[in-house]
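A short write-up of the structure that comes next.
Heavy atoms only: backbone and side chains are in, while hydrogens, waters and symmetry mates are out. Numbering of ligands and ligand atoms starts at 1, following listing order.
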Amino acid sequence: MFILGGTSAKTIATNLAKRLQQPLLQATYKRFPDDEFYVRLHDNIAGQDVVIVQTAYPDPKIVELLLMQDAVHDADAKTITIVLPYFGYSRQDKKFEEGEAISARVIAQHISLHADCVITVDPHKEHILDFFTVPAYSCSAVSTIAQYLKGKNIDFVLAPDEGAKERAKEAASFINCEYDYLEKTRIDGSTVKITPKKLDARGKHVAIIDDIISTGSTMAQSIKELKKQGAASVSVACTHGLYVGGAKEKLLAADCDEIISTDTIETEFSKVSAAECIADLLLKTIPHIRN
Ligand code: R5P
């Protein structure tokens with residue numbers, strides 16, 4: 001198996017190669033003066049299983065991925081597995097209003113063109129896997145995050161909304177502590193309302209866990225509620241840390257004690273790697289697609 005890491009997944013591809021003890025392919029990536037992307041592979045991969053790792057976010061990284069796929073396909077790889085540590089556009093997973101594009105479907109269909117299998121991590125909704133026209137699977141980084149939180153003596157896990165309850169439950173069971181969830185109402189893309197709810201958080205070291213931190217509004221409102229209720233400390237953890245629109249400042253202003261995310265998107269808060277869950281899934285899927 002050979003691993004080709006794209007420009008949006010350097011750390012996670014390296015972590016994956018180390019964990020699987022498989023080589024990273026050499027490639028030239030550059031941009032022309034007009035900013036168009038260029039890919040050239042340097043190794044002979046004819047007849048080999050190739051795993052392309054590239055986070056499909058932000059937009060230019062999707063075009064980079066399509067070019068990498070074309071190069072690998074044209075070099076006669078035996079199988080092509082696409083690892084999308086973060087699958088951008090996956091939150092627009094249906095028509096919320098008439099006339100809208102189903103963004104997740106569009107991106108999935110294009111990625112499927114030169115792919116035998118697709119793997120992604122903690123998708124916002126599992127049904128987006130059905131948009132790929134090749135077998136697609138997901139894995140979860142929650143146990144890796146929970147392991148980190150356990151080392152920080154967290155004794156209460158919270159989901160910011162009911163949709164994230166299962167994630168909080170799984171992390172709490174790993175840590176062996178209590179969990180609960182908050183009531184969230186989204187007002188618009190960057191504003192949310194957290195309805196106060198009595199929690200057993202007084203004096204506790206709380207971790208709020210979600211799949212994505214985007215503008216940080218969900219977490220900031222949740223932290224404020226928790227601190228009001230007497231939590232000793234509040235950390236926030238997610239798989240995909242986008243941190244857009246002043247999210248970091250918002251979280252710090254809300255008196256957040258620690259921010260934790262994985263390396264599906266590389267940021268200063270990437271304290272744990274999603275490589276472990278991806279490696280486990282790859283070992284199961286590659287023999288299956290090869291035969
Ligand atoms: C939405 O349901 C997701 O699970 C996250 O809660 C959401 O994307 C977080 O967005 P933001 O950080 O902008 O509040």
Given the ring of Y38, does K30 sit roughly above its face, with NZ or CZ under 6.0 Å from the centre of the six-membered ring and within 45° of the axis? yes
Would you mind listing each N/O atom of ligand 1 next to any protein N/O under 3.5 Å, plus the distance?
{"from": "ligand 1", "atom 1": "4 (O)", "to": "D210", "atom 2": "OD1", "distance (Å)": "3.2"}
{"from": "ligand 1", "atom 1": "4 (O)", "to": "D211", "atom 2": "OD1", "distance (Å)": "2.5"}
{"from": "ligand 1", "atom 1": "6 (O)", "to": "K184", "atom 2": "NZ", "distance (Å)": "3.0"}
{"from": "ligand 1", "atom 1": "6 (O)", "to": "D210", "atom 2": "OD2", "distance (Å)": "2.6"}
{"from": "ligand 1", "atom 1": "8 (O)", "to": "R91", "atom 2": "NH1", "distance (Å)": "3.0"}
{"from": "ligand 1", "atom 1": "10 (O)", "to": "R186", "atom 2": "NH2", "distance (Å)": "3.3"}
{"from": "ligand 1", "atom 1": "12 (O)", "to": "S214", "atom 2": "N", "distance (Å)": "2.8"}
{"from": "ligand 1", "atom 1": "12 (O)", "to": "T215", "atom 2": "N", "distance (Å)": "3.2"}
{"from": "ligand 1", "atom 1": "12 (O)", "to": "G216", "atom 2": "N", "distance (Å)": "2.8"}
{"from": "ligand 1", "atom 1": "13 (O)", "to": "T215", "atom 2": "N", "distance (Å)": "2.8"}
{"from": "ligand 1", "atom 1": "13 (O)", "to": "T215", "atom 2": "OG1", "distance (Å)": "2.5"}
{"from": "ligand 1", "atom 1": "14 (O)", "to": "R186", "atom 2": "NH2", "distance (Å)": "3.3"}
{"from": "ligand 1", "atom 1": "14 (O)", "to": "T218", "atom 2": "N", "distance (Å)": "2.9"}
{"from": "ligand 1", "atom 1": "14 (O)", "to": "T218", "atom 2": "OG1", "distance (Å)": "2.5"}

Supply the atom-to-atom distance H205 NE2 to C177 SG, rounded to the nearest 0.5 angstrom. 12.0 Å
Connected-component partners of I278 among ILVMFWY, side-chain separation under 4.5 Å: M1, I3, I12, L16, L20, L24, V51, V53, V83, I119, V121, Y137, L281, L282, L283, I286
On the six-membered ring of F174, is K150 placed so that its NZ or CZ lies under 6.0 angstrom from the centre and within 45° of the ring axis? yes
So, for Y181 and K197, which heavy atoms are closest and what is the spacing to 0.1 Å? O-NZ, 2.6 Å
Any sub-3.5 Å donor-acceptor pair from T55's side-chain atoms to Y57's backbone N or O? no
